[in-house]
Amino acid sequence: MTVVTRFAPSPTGYLHIGGARTALYNWLFAKHHAEYGSGGRFLLRIEDTDRKRSTEDAVAAILDGLKWLGLDWDGDAVSQFTMAGRHAEIARQLLDEGNAYKCYCSPEELQEMRDSARAEGRKTMYDGRWRDRDPADAPPGVDPVIRLRAPHNGETVIPDMVQGEVKVNNGELDDMILLRADGSPTYMLAVVVDDHDMGVSHVIRGDDHLTNAFRQIQIYHGLGWEVPQFAHIPLIHGADGAKMSKRHGALGVDAYRDQGFLPEAVCNYLLRLGWSHGDDEIIRRDQAIEWFALESVGKSPAKFDVDKLTSLNGHYIREAEDARLVDLVMPLLARSLDGGLAEDTESRLAKGMAGLKERAKTLLELAESAEIYAMTRPLSLNEKAAEMVEGDGRAHLTSLRGRLADVATWSHEALETAVRTYAETAELKLGKAAQPLRAALTGRTVSPSIFEVIEILGRAEVLGRIDDVLKDG
RNA sequence: GUCCCCUUCGUCUAGUGGCCUAGGACAUCGCCCUCUCACGGCGAAAACACGGGUUCGAGUCCCGUAGGGGACGCCA
């Protein structure tokens, strides 16, 4: 049997990190079955029935986020709103079959019902006052809502692939609204109908939907439809232990992109947040597809830890192709240097990327360290670097300038030999000579191997940068 | 308040009754490597929420307590 999963975000904002993980798990589960089972498809449905809160921008942001993460969906994204007619038709069917009824309560009346129930410590449920009332009693001029005639006795159980069997007494559940007074479907009805119509076999979503599943199962039963497999994955919590919500500082995936994270790092991190495969930490996508199973999803919520994401990101940066990193860094450099890039920045970066990427944990750090190849003369030295080219440092620099000018073959081996020879003759530790050089050539006290930097910058630029420093002061 | 769920190092987790003196990863701290910073290597510190059972034996099973979370909309 083919596995069909779906990701069903409501377009009220960006794709936040929790949603991204839900999408990842759905995608992985479908891909796993596509490659190792008897087929799998991953669908995308935009839950835009709330017209007031849904926006085009949000839809675009969500699609963008998924694409950035590399989570491609099968077929076109489905707009739930466009299915409203179908939803109403099903509500009508339920009504005709006696599994639903019209309720003429006003929103105010319901609010009172809830308020007094809570005040008295009772469950805040609809009391079913129109469940068996004669429709002839309907107040004139009031558009009714349609409610499900839910069972009052027995229990409803969710066989959940992550949470196990979760049960509730039907007495705890009230008759939910399926169709609003204006004829539009509620979320509960719409999800069930759409999942059924789209042939969804596995509903993998956040744990905050677990209690919704009870009600949805009742709708499936009312319709006589087969209930899909459920898998409610634990939520991601913020540092304070509460659910990561948008108003809680949860960031959109675009924010992580802007902070210099690679999509593969974000995916790897998200995958490991709540799921594990023994002691494995670095898990490439193809490996994830092979290994992913709902059985190994944990049951407890996890806190988001940027440090670990950052560490993973450093790993993936080191592993990334140099050319790709150059492409990612160039626009960042253009921005930070305000367009004033050295002419051969790109070719220098191509040569220097191997040394650069080893030292960066984010693309932002990478771009910052890459500035040494992009800046035009004269460089401005930071405070510590400026100190380093004073006094002894200045003297060494002067000597070193001469030695470098005389190096026959401009290779980092020959350059290193030249500098080492100088240090030995002057009876210096290599660092005493290397640091002033680094300061003069990069304006900083930290950089890739200074010999590599010298080679890449080229003789003219190197001598020029040294002269700039020796000139002033 | 009611219902549902969760509980192993600071964090993510391994662990499915004996292999646990509880393993790995991130973070932290030391040492090594070293032209700086990283990377890498080695090492340290760090956890089974608590209380009862069941069992020859419990981190692993059961019950309770505490703590945390989620859901209780004509939102999704």
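Lettering follows sequence order; numbering is per chain, from 1.
Rounded to the nearest Å, the gap between the C1' atom of B:G67 and that of B:G51 is 14 Å.
Among the nucleotides B:A76, B:C3, B:U36, the one closest to any side-chain atom of A:Y187 is B:A76. Nearest to the side chain of A:S300, among B:A38, B:C74, B:U7, sits B:U7.
When Watson-Crick and G-U wobble pairs are counted only if both distances are under 3.5 Å, B:C39 pairs with no nucleotide at all. Nucleotide B:U55 forms no Watson-Crick or G-U wobble pair with any nucleotide shown, as no partner meets the under 3.5 Å limit on both distances. When both pairing distances are held under 3.5 Å, B:A71 makes a Watson-Crick or G-U pair with B:U2. Pair check for B:A25 finds B:U11; Watson-Crick or G-U wobble, both atom distances under 3.5 Å.
Heavy-atom contacts from other residues, nucleotides or ligands closer than 6.0 Å to CG of A:D182 number more than 12.
No engagement by A:K432 is indicated, since no non-hydrogen atom pair under 4.0 Å with the nucleic acid exists. If you check every strand for non-hydrogen atoms under 4.0 Å, A:S276 touches sugar and phosphate atoms only. In this structure, A:S54 reaches neither bases nor backbone, as no heavy-atom distance under 4.0 Å exists between it and the strands shown. Across all strands shown, A:A302 has heavy atoms under 4.0 Å from sugar-phosphate atoms exclusively, and none from any base. In this structure, A:Q163 reaches the sugar-phosphate backbone alone: every heavy-atom distance under 4.0 Å involves primed, P, OP1 or OP2 atoms, never a base.
A:Y101 pairs by the side-chain contact (heavy atoms from CB on, under 4.5 Å) definition with A:C103, A:Y126, A:W130, A:R131, A:R147, A:R149, A:D175, not counting sequence neighbours. In this view, A:R324 and A:E264 satisfy the salt bridge (Lys or Arg N to Asp or Glu O under 4.0 Å) rule, not counting sequence neighbours. With sequence neighbours left out, A:A181 forms a side-chain contact (heavy atoms from CB on, under 4.5 Å) with A:D143, A:V145.
Salt-bridge formation is detected for the pair A:D50/A:R53: a Lys NZ or Arg NE/NH1/NH2 atom is positioned less than 4.0 Å from an Asp or Glu carboxylate oxygen. Ion pair A:R86/A:E89 flagged as a salt bridge, since at least one NZ, NE, NH1 or NH2 atom sits closer than 4.0 Å to an Asp/Glu carboxylate oxygen. Here A:R284 pairs with A:E319 in a salt bridge; the nearest charged N to carboxylate O distance falls below 4.0 Å.
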- Task: Produce a footprint string for nucleotides 20-30 of chain B: one letter per nucleotide, 5' end first; B if the base is under 4.0 Å from any protein heavy atom, S if only the sugar-phosphate is, - if neither.
- Result: ---BBBSS---
- Message: So if I define the base as every atom that isn't primed, P, OP1 or OP2, how would nucleotides 61-73 of chain B read as a B/S/- string at a heavy-atom cutoff under 4.0 Å?
- Response: --------SBSBS
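Between A:R318 and B:A38, a side-chain N or O to OP1/OP2 separation shorter than 4.0 Å is absent.
Sorted by first and then second residue, the pairs that involve residues 171-195 of chain A and meet ring-ring contact (aromatic ring centres under 6.0 Å, His included), not counting sequence neighbours, are A:Y187-A:H209.
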